[in-house]
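In what follows, every heavy atom counts, from backbone to side chain, and hydrogens, waters and symmetry copies are set aside. Order of the sequence lines fixes the chain letters, A, B, ..., with proteins taken first and strands second; residue numbering starts at 1 for each chain. Note that the structure is a prediction, hence the values are computed from the model and not measured.
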2 protein chains.
Amino acid sequence: MGQRPDTGEEDNSDVRRFVERFALALHDAGVPRMPARVFALLLSTDSGRLTASELATGLGVSAAAISGAVRYLVQAGLVIRDRDPGARSDHYRLPGDLWYEVYFQRTPLIEQWERAAAEGVDILGADTPAGQRMQETRAFFAFFRGEMSRVVERWREHREQLRQAGELPG
Amino acid sequence: MGQRPDTGEEDNSDVRRFVERFALALHDAGVPRMPARVFALLLSTDSGRLTASELATGLGVSAAAISGAVRYLVQAGLVIRDRDPGARSDHYRLPGDLWYEVYFQRTPLIEQWERAAAEGVDILGADTPAGQRMQETRAFFAFFRGEMSRVVERWREHREQLRQAGELPG
DNA sequence: CACACGTTTCACGAATTTGTGAAGCAATGG
DNA sequence: CCATTGCTTCACAAATTCGTGAAACGTGTG
């Protein structure tokens with residue numbers, strides 16, 4: 001954890017325990033284990049930006065584990081890979097507008113659910129009780145997808161208010 | 001699948017494929033495999049209510065697998081266990097207001113995330129960049145929890161509109 | 001009351017996920 | 001140009017999850 005001053009074993013141990021705990025919560029939400037740990041570690045660093053080597057050291061795992069994890073996170077849009085000109089190392093960093101991006105990246109997943117439900121209506125029969133329940137399920141996902149867009153826009157507004165009220169750093 | 005007329009192997013096979021597909025989507029969202037399959041099967045039956053034995057037959061698995069799965073779903077509040085007086089079998093059914101209940105049951109999970117983030121602020125230091133990012137994370141979850149309550153209330157209204165417009169069965 | 005039924009629990013094998021060490025590959029820098 | 005660096009890939013072992021069959025348990029019914 002090159003970005004954190006090492007203020008002692010106990011402090012470091014608290015942070016590491018927190019990282020693992022947060023990663024478990026992400027895992028419960030469906031994120032595979034190593035990507036969850038990488039994301040939680042990035043969240044817990046001052047820079048929000050680490051090399052693969054730093055990630056491996058910070059989590060106490062091999063470079064191979066990091067390679068798989070960051071591939072997942074980059075593909076999911078949860079982490080951005082960049083590199084300074086002339087540098088040897090890729091850096092992995094959090095999106096600038098973090099939670100906006102995280103939830104924005106959920107949209108294709110919800111669309112996928114919506115399509116699955118729509119196909120379910122055909123398969124089950126639009127005039128059957130099961131088909132009608134599935135119709136409602138499709139309508140819910142369509143509705144939810146639209147609402148999520150609005151929620152994350154409102155989050156930005158809300159965050160701005162919190163910043164002006166001094167409750168979040170600006 | 002006692003509730004579905006068996007209209008032929010191909011039709012049944014489509015439904016079963018759909019169930020497995022939907023279950024995979026639930027699994028991607030963090031639901032363990034067997035509970036996801038049970039939930040998807042209940043969704044796909046006309047009654048939305050099956051015994052353990054019917055669930056086992058419908059999914060082609062053992063009674064033991066169903067026992068574990070329904071324990072998870074009942075504890076998560078996603079399925080309700082009931083029994084007719086004098087019957088030998090428990091039935092497992094979907095909540096009446098399905099998607100309202102599903103998302104309502106997510107609230108404790110969001111609260112858990114919020115608490116984890118609050119603890120992270122302490123651990124990382126409220127005046128560090130990492131701590132401030134975690135402060136924003138906590139604020140996001142608090143905001144999101146409130147918004148989710150509103151979203152599911154709005155869903156009910158929206159669904160009522162769809163019903164009156166004839167786009168959903170009433 | 002005895003028996004059958006409908007699970008649930010237990011012990012464990014099968015399947016899948018996770019993460020490793022070593023080799024391979026691409027590119028940086030002297 | 002070439003040695004070194006910083007990964008990525010590969011083959012596979014370790015860990016975890018998943019699901020089974022059999023036994024145990026609780027209860028409904030004749």
Rounded distance in Å - CD1 (Ile66(A)) to C1' (dC7(D)): 11 Å
Touch class at under 4.0 angstrom, heavy-atom based, for Ser62(A) against every strand present: base
Sugar-phosphate, base or nothing in reach of His91(A), heavy atoms under 4.0 Å: nothing
Leu50(A) CG to dC7(D) C1', straight-line distance once rounded to whole Å: 16 Å
Residues Asp84(B), Arg49(B): salt bridge by 4.0 Å N-O rule: yes
Touch class at under 4.0 angstrom, heavy-atom based, for Arg33(B) against every strand present: sugar-phosphate
Below 4.0 Å: OP1/OP2 of dC7(D) and any side-chain N or O of Arg83(A): no
Sugar-phosphate, base or nothing in reach of Ala63(A), heavy atoms under 4.0 Å: base
Spacing of Leu26(B) atom CG relative to dC18(D) atom P, expressed in whole Å: 13 Å
Parallel, tilted or perpendicular: ring planes of Trp155(B) versus Phe140(A), cut at 30 and 60 degrees: perpendicular
Touch class at under 4.0 angstrom, heavy-atom based, for Ala52(A) against every strand present: sugar-phosphate
N/O (side chain, Arg81(A)) to phosphate O (OP1/OP2, dT8(D)) under 4.0 Å: yes
Spacing between Arg71(A) atom CZ and dT17(C) atom P, to the nearest angstrom: 15 Å
Touch class at under 4.0 angstrom, heavy-atom based, for Gly68(A) against every strand present: nothing
Any Arg88(B) side-chain nitrogen or oxygen under 4.0 Å from OP1 or OP2 of dG26(D): no
Heavy-atom pair with the smallest gap, counting every atom of Thr51(B) and Ser89(B): CG2-CB, 3.7 Å
Residue Asp90(A), side-chain heavy atoms: nucleotide from dT9(C), dC7(D), dC18(D) that is nearest: dC7(D)
For atom CG of Asp84(A) and atom P of dT28(C), their distance in whole Å: 12 Å
Closest listed nucleotide, where the reference is the side chain of Ala65(A) and the choices are dG19(C), dC10(D), dT20(D): dG19(C)
Under-4.0 Å salt bridge between Glu147(B) and Arg150(B): yes
Atom-to-atom span, CE of Met34(A) to P of dA14(D) - whole angstrom: 19 Å
Touch class at under 4.0 angstrom, heavy-atom based, for Ser89(B) against every strand present: sugar-phosphate
Arg156(A) charged N/C atom sitting above Tyr100(A) aromatic ring, 6.0 Å / 45°: yes
Nearest-Å distance for atom pair CD/P, residues Glu20(B) and dC18(D): 14 Å
Within the 6.0 Å centroid threshold, strictly below: Phe39(B) and Phe22(B): no
Nearest listed nucleotide, side chain of His27(A), among dT18(C), dT9(C), dT9(D): dT18(C)
Integer-rounded Å distance: dA15(D) P and Arg37(A) CZ: 14 Å
